[in-house]
Amino acid sequence: MAEQTAGTPSPTTLRRAHFFMRLSRAWDSRFESMARAGNIGRWYSAVGNEATTVGAALSLLPNDALSTVHRDLGAILTHYLDPTRLAPALFEPQDRTAWDALRPDPGALLHRLASQVLGRRDGFTRGVDRSFHYGLIDRATGLRHVGMISHLGAMIPVAAGLALANLQDGNQNVVVGFIGEGATSQGDFHEALNMAGVMKLPLILVVENNRYAFSTPLHEQFACEKLSDRAPGYGIAGETFDGTDFEAVHGAFERALARARTGEGATLLEAMLPRMRGHAEGDGSYELIAADERARWLTHDPLPRFEAWLTRIGAADAARIAAVQETATAIIEAAVARGLATPEPELHEAWRNPFAPGPVADAFARQHAEVTRG
Amino acid sequence: MAEQTAGTPSPTTLRRAHFFMRLSRAWDSRFESMARAGNIGRWYSAVGNEATTVGAALSLLPNDALSTVHRDLGAILTHYLDPTRLAPALFEPQDRTAWDALRPDPGALLHRLASQVLGRRDGFTRGVDRSFHYGLIDRATGLRHVGMISHLGAMIPVAAGLALANLQDGNQNVVVGFIGEGATSQGDFHEALNMAGVMKLPLILVVENNRYAFSTPLHEQFACEKLSDRAPGYGIAGETFDGTDFEAVHGAFERALARARTGEGATLLEAMLPRMRGHAEGDGSYELIAADERARWLTHDPLPRFEAWLTRIGAADAARIAAVQETATAIIEAAVARGLATPEPELHEAWRNPFAPGPVADAFARQHAEVTRG
Amino acid sequence: MAETTYLDAIRRALFEEMERDANVFVMGQDVAQFGGAFRVTKGLYERFGRLRVVNTPLCESGALGAALGAALVGKRPIVEMQFADFVSCGFNQIVNNIARTYYRWEQPVPFVLRLPFGGGAGAGPFHSQSPEAWFAHVPGLAVVAPSTPADALGMMKSAIRDDNPVVYLEHRFLYRREKESLGEGEQLTPLGKARVAREGRSITILSWSWTLHESLAAAEEVAREGISVEVIDLRTLVPLDEETVMASVKKCSKVLIVHEATATAGYGAELAARIADQAFEWLDGPVKRVTYADRSSPYNKHMEKALLPGREAIVAALRKLARY
Amino acid sequence: MAETTYLDAIRRALFEEMERDANVFVMGQDVAQFGGAFRVTKGLYERFGRLRVVNTPLCESGALGAALGAALVGKRPIVEMQFADFVSCGFNQIVNNIARTYYRWEQPVPFVLRLPFGGGAGAGPFHSQSPEAWFAHVPGLAVVAPSTPADALGMMKSAIRDDNPVVYLEHRFLYRREKESLGEGEQLTPLGKARVAREGRSITILSWSWTLHESLAAAEEVAREGISVEVIDLRTLVPLDEETVMASVKKCSKVLIVHEATATAGYGAELAARIADQAFEWLDGPVKRVTYADRSSPYNKHMEKALLPGREAIVAALRKLARY
Ligand SMILES: Cc1ncc(C[n+]2csc(CCOP(=O)(O)OP(=O)(O)O)c2C)c(N)n1
Ligand SMILES: Cc1ncc(C[n+]2csc(CCOP(=O)(O)OP(=O)(O)O)c2C)c(N)n1
Ligand SMILES: [Mg+2]
Ligand SMILES: [Mg+2]
């Protein structure tokens, strides 16, 4: 217990964090092996990002919004799932929050997520879009999650708009948005953070700085010392931290959330992350990195670090750590198996009306359909 | 002479500066009165910007490039014109630079410029585009000037590209670009300065901060303390200075030019300017500003300030100041009169081929012209 | 009864819908105290305050993306471009983010994009554009362009209430020139329905917005020569009201398409294509277009006029078509 | 003789032109050491160094604007979009800055925009688009889309040498699938000239890029049924080679337009419009289009295939047209 200090997260927080970090990692392991076997298309690994993604999502409340990109599985899992129902053996009664009670059935949600990422019928887009390219906005449960489009940077203004709606509604809700460091070079990053500064939006933007954008190293992306140096240019708060250190992550988010909830405005967080994988599984970008650099980053895995720390502060013993790992693996194995057993999407979904129901959708449907088929 | 210190610009520089500032002001006075009389369309006044625009362009060398927006007449005049031929009575033999000798006939150039701004046949675009919406790139004389399109911010990446060409050519030439503070909220500002940082481009971007973008005051535009606070975020140098203080302007540019010419890279300069006019003459934006604020800014006129300083340091006496003012006014009167006497553009210019000569232009011309005329 | 201008009709629609639904809000550059470059939003700020009449910095993409975010959680944003020409700076947010959300994950995006567009004011290449074809090509966007104050009012109200992104093209030349008496009470024009603006027998003109008025004037002119022209005001370009269009084309058997955008790959091409496909057997002559020439808009007014598809060019085309 | 792929043909053009003219340079994301997402620029960095094979940060607009700046002072930049879909992030620089410079102040802008485009790979809504119509609508841009390795080589070389901005659409599905033997020496394909890819008598197909190959296959298939189809490879969409197009249409009297972009306001509409105007008297049937359905590109391969205008759909349309 020696290291446990005032700022240390609560035992509940640590249990949730541990579980979701392992759940995220188990998912990655499963999908990486499928990708290597050629059983799925591209896979963008989130290995190394877990302390940051899970740490970011842990403190969200109902109607707080999460905006994710391609390596934020950990945040999505943490945001969606009631762990006390998903893995009851791992949690205490007091771990169950009021929101957990509201949250949808975690098994069903996990199935939709697995189906989505596997491109199956039960996915959120029912086959129309890939992986994390969707959102889930559910008034009943207060779940607000907006996924990505491929155009990097484009979701940052959207996150700002989610935050603007909070101001308009006069609530204390916040928005946590993720973005790779590569996308910080996009104009949308600038326009959105500038608006966030001017309007004092309750927005936390987390840059996942994993050292490369595809093949491009940091020194070809920007010349600032750290990306949080951009915060003063927007009149917002900024911090750079070691994104593999859960305590550092947690502290940075607690500060940023406090600012956002009390009307002090936006924060730009830069999480320094290790390059533990290439851009996408098997695209040749990993090989471009020098072998010694690759080896060095592999030693920065946030998961063993977190578990060693849990052990040191007495928050978990070897048995519990093993139990968490095994439970996470089993849950993911089952979810993926069920996903794989789920039928392909239905072809007719391709033809669904591109307009939401109403006069426009009706008018669209009245047009001569054959125009595209001779 | 008491105030003249080591950093003080040379007498030649001061003579040129004085002449061009007055030339710019004389132009504005002439066009403002035409605008008020309803004899020309919109007029975007550059009153108050002269110390900055002229100071920025004074130190440019052949093949240095100038990129201007809508209040940069002073820079254009300074960049284009050999003052020793235009106003010989005001200059000494040693004022004539090697580049002056190369520069085109100043009277002819001034006529093209006046015709351009008046929308006449002899303008650079021959009626096709307005005011400062053109460029002038002339290998023979080393004049490189790129004007604006209306889309604010869009010229900043273009200026970066002009600078990139210098790197590629391995020369010491630089690019000076202007932009209003409003346009700093555009993504292009960010993308261009970030590239400038990464590539160490010989680029100086001058933000003309005249406190408003159209009707929008600074606090609705950005929340940073000063715009040069954005420079560290790009790993470039930054300075904010009083843009009505010619000495401050000159010093800032000397430092920025030295960096750019020696490979140290880009600089973001923010010139703080007084709001002496509305957005465009007669568009109602001036009236939106509180009367006392308007009155205050009118006391920040850079021209009397410059002339008082010239007097204090003994660089000019009342007679010379009067001579410069009268000469400038006379030159502009004559140029505008000649411009007004110049015929309207020729209608057939509207139909000119949108493609530069070559196979594409030929193919364009071969198409059935009547397609647009039933 | 007092006449309402096209501009005031738009403002009335904004006002009424903002009164009706607290989720409706307006966003753009200088839209608050100043009331926008054309003063369309004048007075809204005083009534609805800074959280519903939101001045943005000079950032089209940022504002459009933010509108999407707000729309996802129940707001109904209306974003004003200062001129339609500047929409290219926020293009990606519209064509890839806003337009495609519903098809991708079935989340409605109630959103109106206000585009003050068009030429005729000698405003040069960057304040005169007619960009509707770009948006017509993007699945998931409705594109509308009213030509009368009544439709400006009624279509804005319908656009605000629709759960889809609607690109609303308002012609700056019509703002203060078109006037008519509008009743009190609720006035909605349905989206997706064209309007027969003038009945006729021998040539159908398909047009919208400013050129609709030029077309009507031209029809009037040639009527004196015995040429009977039916003029269809498309109003909604996407989705197209093929029923009304084809009925008129099949009746008249000759077609002239008139629009202000440049010809090549303009929306008129789509109309011609659908007609050449669906009404081929009824055609008694070539499908003709009168459009802006394939050039940027020159600053000089006379030059601009030479390239604009105005009444004279339409009359000439009608005469030629009548003789065919 | 060894066969050259479509992809290698593009690379060869870049290499040859960069050897020939020191002002030619390449710019884009990951184009240097990595050789670009599709490895089109592989090897150029080693030969020409970092000042002529320029990696940019992730900023389409910035890179495109910078290309314009460099072009204004004598460079001949070639900018690669990682996927054509991302061009919307730099849209304004192309349509308002690059395209309009020459008309406005007569300064040539030699510039090539490389757009790896198109679907067929199950890559979803944002890695499958065919954006040519947006650019075709902008005065001042040439738009080209080669379908063979020979034209990929010859048109890239011509595009680089042209003093105008050229939007060069390279189909990602053809990159490694299309191969042919190319001679040594200089090989230029003129811009602005269509190619008769297959001669025929009764139906003209107008197409380009990937759908050109599907069209040829369909033509082959229906030939066995006695339907003689002429297939025109447009190659250059803007400016259009009306001579070749109209000659074929007037000969065959029936037309099928096939393209991969969505139908509404796609470039096929322009072709149909010009035909319905200029070749009306020669037409023996409706002008038909086979295109992508008006939807975003679904991720699921089967769904995507259902919406794609492939051989089967073309065959069906040809049969229907033949019966007409
Ligand atoms: C606007 C845009 N341009 C280019 C791309 C192609 N692209 C996909 S991922 C990527 C690199 C992203 O790097 P980063 O943001 O650092 O995220 P990481 O993959 O490292 O997590 C690029 C250039 C894109 N998706 N969007
Ligand atoms: C991309 C874009 N959006 C909007 C406009 C409309 N507009 C013209 S000038 C202006 C304000 C410019 O302010 P600033 O950059 O500060 O220049 P200033 O006029 O104050 O010199 C605006 C919003 C524009 N020209 N370009
Ligand atoms: Mg990265
Ligand atoms: Mg300003």
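Chain A is the first sequence line, chain B the second, and so forth, proteins listed ahead of strands; every chain is numbered from 1. Because the structure is predicted, anything quoted here is derived from the model rather than measured.
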Side chain, backbone, both or neither: which part of [X] has an atom under 4.5 Å from a heavy atom of chain C?
X: Val287(D); value: both
X: Tyr324(D); value: side chain
X: Leu283(D); value: both
X: Ala263(D); value: backbone
X: Val138(D); value: side chain
X: Asn97(D); value: neither

Whether the Arg274(D) and Thr264(C) side chains hold a donor-acceptor pair (N or O, under 3.5 Å, no angle test) is what I'd like checked. yes

Using only heavy-atom distances, determine whether the side chains of Asn96(D) and Gln129(C) contain a donor-acceptor pair under 3.5 Å. yes

Residue among [options] with most heavy-atom pairs under 4.5 Å to chain D:
options: Ala265(C), Ala272(C), Ala273(C); result: Ala265(C)
options: Lys288(C), His137(C), Arg295(C); result: His137(C)
options: Gly90(C), Gly140(C), Ala261(C), Gly266(C); result: Gly266(C)

When every non-hydrogen atom of Val95(D) is compared with those of Ser88(C), the smallest separation belongs to CG2-CB, 4.0 Å

Tightest non-hydrogen contact, residues Pro139(D) and Asp294(C), listed as CB-O, 3.6 Å

Open item on the list: Parallel, tilted or perpendicular: which one describes the rings of Phe91(C) and Trp134(D), with boundaries at 30° and 60°?
Closed with: perpendicular

Using modelled atom types and a 3.5 Å cut-off, is there a donor and acceptor pairing between side-chain atoms of Ser296(D) and backbone atoms of Tyr103(C)? no

- Decide if atom NZ of Lys250(C) counts as having more than 12 heavy atoms of other residues, nucleotides or ligands within a radius under 6.0 Å. yes

One option among Phe126(D), Tyr267(D), Phe86(D) has the most heavy-atom pairs under 4.5 Å with chain C, and it is Phe126(D)

Distance col, row Asn92(D):CG vs Asp85(C):CG, nearest 0.5 angstrom, shows 10.0 Å

Can you find a pair of side-chain heavy atoms, one from Pro125(D) and one from Arg104(C), that are under 4.5 Å apart?
yes

